Every structure is written in C-alpha cells, then in structure tokens.
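Only a predicted model underlies this, so the values are computations on that prediction, with no experimental measurement involved.
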Amino acid sequence: MSASCFPGRFAGKMIVVTGAAQGIGRAVAARAAEEGGTVLFVDRADFVAEVAAAASVDARAFKADLETYEGAAAAMRFAAETFGGIDILINNVGGAIRMRPYAEFEAQQIDAEIRRSLMPTLYCCHAVLPHLFARGGGTIVNVSSNATRGIHRVPYSAAKGGVNAITQSLAMELADRNIRVVATAPGGTDAPARRVPRNAAGDSAAETGWMADVVQQVTASSLMKRYATIDEQVAPILFLASDEASYITGSVLPVAGGDLG
C-alpha cells in the first residue's frame, strides 16, 4: 500500500482512468483501487490488462483508442455496464510526441499532437455524460499541463490549453447537474521508463538536443528547481476526484513546483 494512501476514500465509487497502462495514469488508477474504488483501467496498450490485474481484484481493463470517439464511447459504455454506473472519470491520456521548435513541425505532426493530447479528453468528457446524468452527478478530473507556457511543444501546449478550456466551460455548464469538472496541470515529472515510447519513430539527434533544452527550461521555471515524483502528481489528482474537494469545480490546479505555466 502506498505511504500516502487513504483506505476507503473511494469506497463505493466506480472510477474510469484513461491512459492507465503506464506513467501517472497507472499510478492514479492503482492508488484509487487501493483506496477502495472499483476501477476501470483504459488504455490502447495491449498490456493494460496485466497492469489492472496486478493492481486489484476490483480492477478491470478495457483496451480502446481514445483518439477516436468510438473508442471513448465504448470505454464508458463498458464501465457503466460492468460496474453499474460511473461516478468519476479521470482523463489522463496525452503527452507531447515530439520536442522541436515550432518552425520545425510538419503539418501532420501538428495534427498528431492535437489528436493525442486534446481529443481523448474532449471525446471522453462527452461520452461519459449520459452515464453521469444517470447517476445523478459525478466528477471529471482532467490531467492538463503547465506546458501551456514552455518551449518546443507549441502544438502540445495548444492542446493542453484546450483541456483547460474544456474544464472551465464544462464546469460552468454542468454545475446544476451535480457534476464537478476540475483539472491538475502537472509540470515535469520523473516517471518510470515507458513501455510504449511517446514517439514511435524515435528521436533524431536534433530532437534529443531540443528535448534537453526542454528539461533545462522546465527545471529552471520551477521554483523548486526539480521535477516532481509520481506520488506528487497522483495525490492532487485523487484529492480533486474525492468528496473532500466537493466545493471545487472549474479549477485548474498547477502542480509544478511553483511554475504556473
């Protein structure tokens, strides 16, 4: 059990976590299960089933490509049918594919960044609504980024700016339906090595250098001059998902060592 685990905090809650096969999403889903939630791990990686099985007997897995609306709708439908409803959706899918000055991006690369880091959240927020309405309320937590201000990731920054806009506008629209919509904006985070790389094509020598520039900028922009741990990102996400945050909606919480993005 994690050192900062709160046993029973999510007892009786049906939770969907996207991007749950690795990184922050995996840690969020596993902690939510430790804290009593019934959790659906959603990811397009084949190994999402083994990750869910290792986390909890109350966890299930669903493989879906959330860059398509059909994938998002199928995941929410499976969760509702399997668990009897959905109380909490944590949208974690996203991440910059490439690090390069904007002038170096090709048109299809710009499109790919938007599909990766905006559309899954946009689609899942829409697909979950009938299930939250049926439940009489619920919570959506979007994982954004403080990289709305940063170098070499302009398309990703635009996508995460969109996630912030979804959070704020949807919160206003859904407050009278007893649905909270909130977000965290993580900064640089030390995470285990990815089993699926962010850029399947691999990085060129130039991109490796540009990535080093990003690491330097992110570290320098943090008042604490370091990257976060996984646990330092998981804790605020699950706080916002919990009933402890019942009077918080429409907020985007920076979790970046003082860098507000």
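Here the straight-line distance linking atom NZ of Lys13 with atom CD1 of Ile86 works out to 13.5 Å at 0.5 Å rounding. Atoms CZ and CG, from Phe62 and Leu40 in turn, are 8.0 Å apart once rounded to the nearest 0.5 Å. The CG atom of Asn199 lies 7.5 Å from the CD1 atom of Ile97; values are rounded to the nearest 0.5 Å. Separating the CG atom in Asp259 from the CG atom in Asn146 is a distance of 4.5 Å, to the nearest 0.5 Å. For the atom pair Ile166 CD1 and Leu170 CG, the distance stands at 8.0 Å (nearest 0.5 Å). Distance CG/Asp87 to CZ/Phe10: 10.5 Å, rounded to 0.5 Å.
Judged purely by atom type and a 3.5 angstrom limit, Thr219 has no side-chain atom pairing as donor or acceptor with the backbone of Lys225. One N or O on the side chain of Ser157 and one on the backbone of Ala147 form a donor-acceptor pair closer than 3.5 Å. Between the side chain of Lys160 and the backbone N or O of Ser145 there is no donor-acceptor pair closer than 3.5 Å. Under the 3.5 Å distance criterion, the side-chain polar atoms of Ser222 are matched with a main-chain donor or acceptor of Met224. Under a 3.5 Å cut-off, the side chain of Thr18 and the backbone N or O of Val16 do not form any donor-acceptor pair. Put simply, the side chain of Thr249 gets close to the backbone of Val181: a donor and an acceptor are under 3.5 Å apart. Listed for the Arg31 side chain is no donor-acceptor partner under 3.5 Å among the backbone atoms of Asp231. Checked by atom type and distance alone, the side chain of Glu104 never pairs as donor or acceptor with a backbone atom of Pro101 at under 3.5 Å.
Residues meeting the salt bridge (Lys or Arg N to Asp or Glu O under 4.0 Å) test with Arg177, sequence neighbours left out: none.
A salt bridge links Lys63 with Asp46; the closest basic N to acidic carboxylate O contact falls under 4.0 Å. Salt-bridge check for Arg195 with Glu50: passed, with a basic side-chain N closer than 4.0 Å to an acidic carboxylate O. Look at Arg98 and Asp203 and you find no salt bridge, because none of the NZ, NE, NH1 or NH2 atoms lies under 4.0 Å from a carboxylate O. Here Asp65 pairs with Arg44 in a salt bridge; the nearest charged N to carboxylate O distance falls below 4.0 Å. A salt bridge between Asp190 and Arg226 is absent, with no side-chain N of the basic residue lying under 4.0 Å from a carboxylate O of the acidic one. Between Arg26 and Asp43, none of the side-chain N atoms (NZ, or NE/NH1/NH2) sits under 4.0 Å from a carboxylate O, so this pair counts as no salt bridge.
Arg116 forms no cation-pi arrangement with Tyr156, by the criterion of a distance under 6.0 Å to the ring centre and an angle within 45° of the ring axis.
For Gly37 against Ile15, the heavy-atom pair with the smallest separation is CA-CD1, 4.1 Å. Glu113 approaches Pro155 most closely through the heavy-atom pair CB-CB, 3.6 Å. Nearest heavy atom pair, residue Arg135 against residue Gly12, reads NH2-O, 4.4 Å. For the pair Val143 and Pro186, the tightest heavy-atom approach, listed with the atom from each and the gap, is CG1-CG, 3.8 Å. Closest of all the heavy-atom pairs between Arg115 and Pro120 is O-CD, 3.0 Å. The two residues Ser117 and Ala96 make their nearest non-hydrogen contact at OG-N, 4.5 Å.
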**Request:** Before giving the answer on side-chain contact (heavy atoms from CB on, under 4.5 Å), spell out for Met76 and Cys124 the whole-Å C-alpha distance, their side-chain angles and the decisive distance to 0.1 Å.
**Result:** CA-CA 8 Å; Met76 301 309 145; Cys124 286; 3.7 Å; yes

**Message:** The test is side-chain contact (heavy atoms from CB on, under 4.5 Å); show your working for Leu240 and Ile248 and say whether it passes.
**Reply:** CA-CA 8 Å; Leu240 288 176; Ile248 301 174; 4.1 Å; yes

**Prompt:** Stepwise, does the side-chain contact (heavy atoms from CB on, under 4.5 Å) test hold for Phe105 with Val154?
**Reply:** CA-CA 9 Å; Phe105 273 90; Val154 168; 5.7 Å; no

**Request:** Show the numbers, then the answer: is there a side-chain contact (heavy atoms from CB on, under 4.5 Å) between Gln22 and Val51?
**Result:** CA-CA 8 Å; Gln22 56 187 353; Val51 171; over 6 Å; no

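Ser251 has its side chain out of reach of Thr167: every pair of non-hydrogen atoms, C-beta onward, lies at least 4.5 Å apart. Taking 4.5 Å as the limit, some side-chain heavy atom of Glu244 sits within range of a side-chain heavy atom of Phe239. The closest side-chain heavy-atom distance from Glu207 to Ser204 is below 4.5 Å. No side-chain heavy atom of Ser144 sits under 4.5 Å from any side-chain heavy atom of Thr184. A 4.5 Å side-chain heavy-atom check between Phe47 and Val196 finds at least one atom pair inside the cut-off. Using a 4.5 Å heavy-atom threshold, the side chains of Val42 and Val17 count as separate. When side chains are defined from C-beta on, Met211 does not count as touching Thr208, because their heavy atoms never get closer than 4.5 Å. The closest side-chain heavy-atom distance from Ile90 to Ile237 is below 4.5 Å.
Aromatic ring centres of His126 and Tyr69 lie closer together than 6.0 Å.
Residues Ile88 and Phe6 fall into different hydrophobic clusters, defined by Ile, Leu, Val, Met, Phe, Trp and Tyr side chains chained together at heavy-atom separations under 4.5 Å. Placement of Leu66 and Leu132 within a single hydrophobic cluster is found when ILVMFWY residues are connected by side-chain heavy-atom separations under 4.5 Å, directly or transitively. At a threshold of 4.5 Å between side-chain heavy atoms, the hydrophobic network of Ile, Leu, Val, Met, Phe, Trp and Tyr places Ile140 and Phe78 in one connected group. In the hydrophobic clustering of ILVMFWY residues, with side-chain heavy atoms under 4.5 Å counting as a link, Ile179 and Val182 come out apart. Both Leu89 and Leu174 are members of a single hydrophobic cluster when ILVMFWY side chains are connected at heavy-atom separations under 4.5 Å.
Within 6.0 Å of atom CZ in Arg9, more than 12 heavy atoms from other residues, nucleotides or ligands are found, so the atom counts as buried in its surroundings.
Side chains of Gln217 and Ser221: a donor on one and an acceptor on the other come within 3.5 Å. Side-chain N/O atoms of Asp58 and Thr38 include no donor and acceptor closer than 3.5 Å.
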